[in-house]
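None of the values given here were measured: they were computed from a predicted structure. Proteins come first, then strands; the chains are lettered A, B, ... in the order of their sequence lines, and each starts at number 1.
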Amino acid sequence: MSGWRPSADLTVLRQRAQLLADLRGFFAARGVMEVETPVLYGAAATDPHLASFSADYGGPGAPSGRTLYLQTSPEFAMKRLLAAGSGPIYQISKSFRNGEVGRRHNPEFTMLEWYRPGWDHLALMDEVEALIRQVLATPAAARVSYGDLCLQYLGIEPHGADLAALQAAAATLDIVAPLGLDDDRDGWLDFLWCHDVEPRLGSDGRPVFVVDYPVSLAMLARLRPGPPAVAARFELYLHGIELANGFHELADGIEQRRRFEQDNAQRRAAGLPSMPLDEYLLAALDHGLPDCSGVALGVDRLLMLLTGIADIGGVLSFPFDHC
Amino acid sequence: MATFSTSEFRGGLKVMLDGDPCAIIENEFVKPGKGQAFSRVKLRNLKTGRVLERTFKSGETLEGADVVDMDMQYLYNDGEFFHFMVPDTFEQFATMPAVMGDAAKWLKGQEMCIVTLYNGQPLAVAAPNFVELAVAETDPGLRGDTSGGGGKPATLETGAVVRVPLFINVGEILKIDTRNGEYVSRAKS
């Protein structure tokens, strides 16, 4: 059978090895502990836009079988470590997302995730920037709010704009909207964002931190009172590639349970299966998660930016269509 | 006709969009960090030839288009219609000049063409990539000039006009690339 050879050049794989060593060196120098948490885990992300792979265990310890989920990120388990008093931690691990194959997506990918107790997301952004500048030798990053970018490129005020205003913006920009978005306001925001904003971010080689996300896109971030109220969330973009996503982490177990259940309600409404809630995480939050910020960074995409390779297959030994 | 979801979209798939048959050129999966996944799709409208870009929500479907490409032999033009035949079955198809597009000016008869059928009717015709045609009219050849630089117009036996090197004369048979309408070489006889 042909096609057995690696999809990435061996020189790129050597760059990958060096990058991993450099990342570990960065955190070692800063006293952040490397940890490992289960890739196969009993609970899964509830986010309706994330699809987890499941796997069936059979044998001692679970005579009637047990369903485990390949983690979409190591977030839940790492927060349990933080609640147990681990202090600052990082992990470089494989994460898995079903249904995601494309030029920047492989269903199995390498994620760098780290947490800083006692830091807010603004302080963490500075550390992300230090890492990016060390690895990619980029100029100083810009910091722009989600709202300002939407005003600039879409002519909308995203925190207050209603569905009709988003649809009108699409019409003004002469973009044919996708079928089936219906009255999904966040879906319209995502559509306008990835059609007309995202490709421009960092196109001049200067990294861009997007901050102050709309509350509806808060995910696991804290909210900051307004007006307008915003989510304490940031994303890092370079050359139109989304590289990292960070939060000032939500530490309220009751609010977290409410968001999980809201996600599952959305899943059911969309005909998707509900996911089991991570009761361990919720118990850890009830026990007390230290005030902390965390960020997840795509290592394969970082390597794409480092090597100038536009397709993720060019930086993986054996991507989806070769494994 | 079958329907296809975004995850089945791939180059070459024929689908219906806004009532017209289209061929997918490329399909790119895009997903903002934590949000909705989309397919950014480039399509060619098979009626107009125009290329368009559309974004679909992941999981949306399009109806397949009843479009097939068939190898057919060009027979003749009766002054109104162009006639083609499927060699295996001898089934014949007549197409209007509008459907022929650029292909018409390269055909004199007998050539194997690709005829695209939509709901059983010819929708587009692609001439063979290379044809060999005689020069009907051109300025006299310049003796001694074999460089091929410069060039001059030549009218071929089908009426098509191509740019040819200065040394080409009336009556010579030329090999032409129909995809860009350019002279390739003299035909080897």
- Item | Exercise: identify the closest heavy-atom pair between B:Phe38 and A:Cys194 |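 Reported closest heavy-atom pair: CD1-SG, 3.6 Å.
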
- Task: Determine the minimum heavy-atom distance between A:Glu100 and B:Lys31, stating which atoms define it.
- Result: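 Between these two residues, the closest heavy atoms are OE2-CE, 3.0 Å.
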
Check the surroundings of atom [atom1] in [X]: do more than 12 heavy atoms from other residues, nucleotides or ligands lie under 6.0 Å from it?
X        : atom1 : value
B:Lys105 : NZ    : yes
B:Met96  : CE    : no
A:Phe320 : CZ    : no
B:Glu137 : CD    : no
A:Leu223 : CG    : yes

- Query: Hey, is the main chain of B:Gln36 close enough, under 3.5 Å, to the side chain of A:Asp190 for a donor-acceptor pair?
  - Reply: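 Indeed, once roles are kept as given, a pair shorter than 3.5 Å links the two residues.
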
- Query: Hey, does the side chain of B:Lys57 reach the backbone of A:Phe191 with a donor-acceptor pair shorter than 3.5 angstrom?
  - Reply: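 It does not hold such a pair.
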
- Query: Non-hydrogen atoms of chain A under 4.5 Å away: do they reach the side chain of B:Thr55, the backbone, both or neither?
  - Reply: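 Both backbone and side chain.
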
- Given that the side chain runs from C-beta out, which part of A:Asp186 has a heavy atom under 4.5 Å from chain B: side chain, backbone, both or neither?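 Neither the backbone nor the side chain of A:Asp186 comes within 4.5 Å of chain B.
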
- Query: Roughly how far, to the nearest 0.5 Å, is the NE2 atom of A:His195 from the CD atom of B:Glu53?
  - Reply: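 Answer for the CD-NE2 pair, B:Glu53 versus A:His195, is 6.5 Å.
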
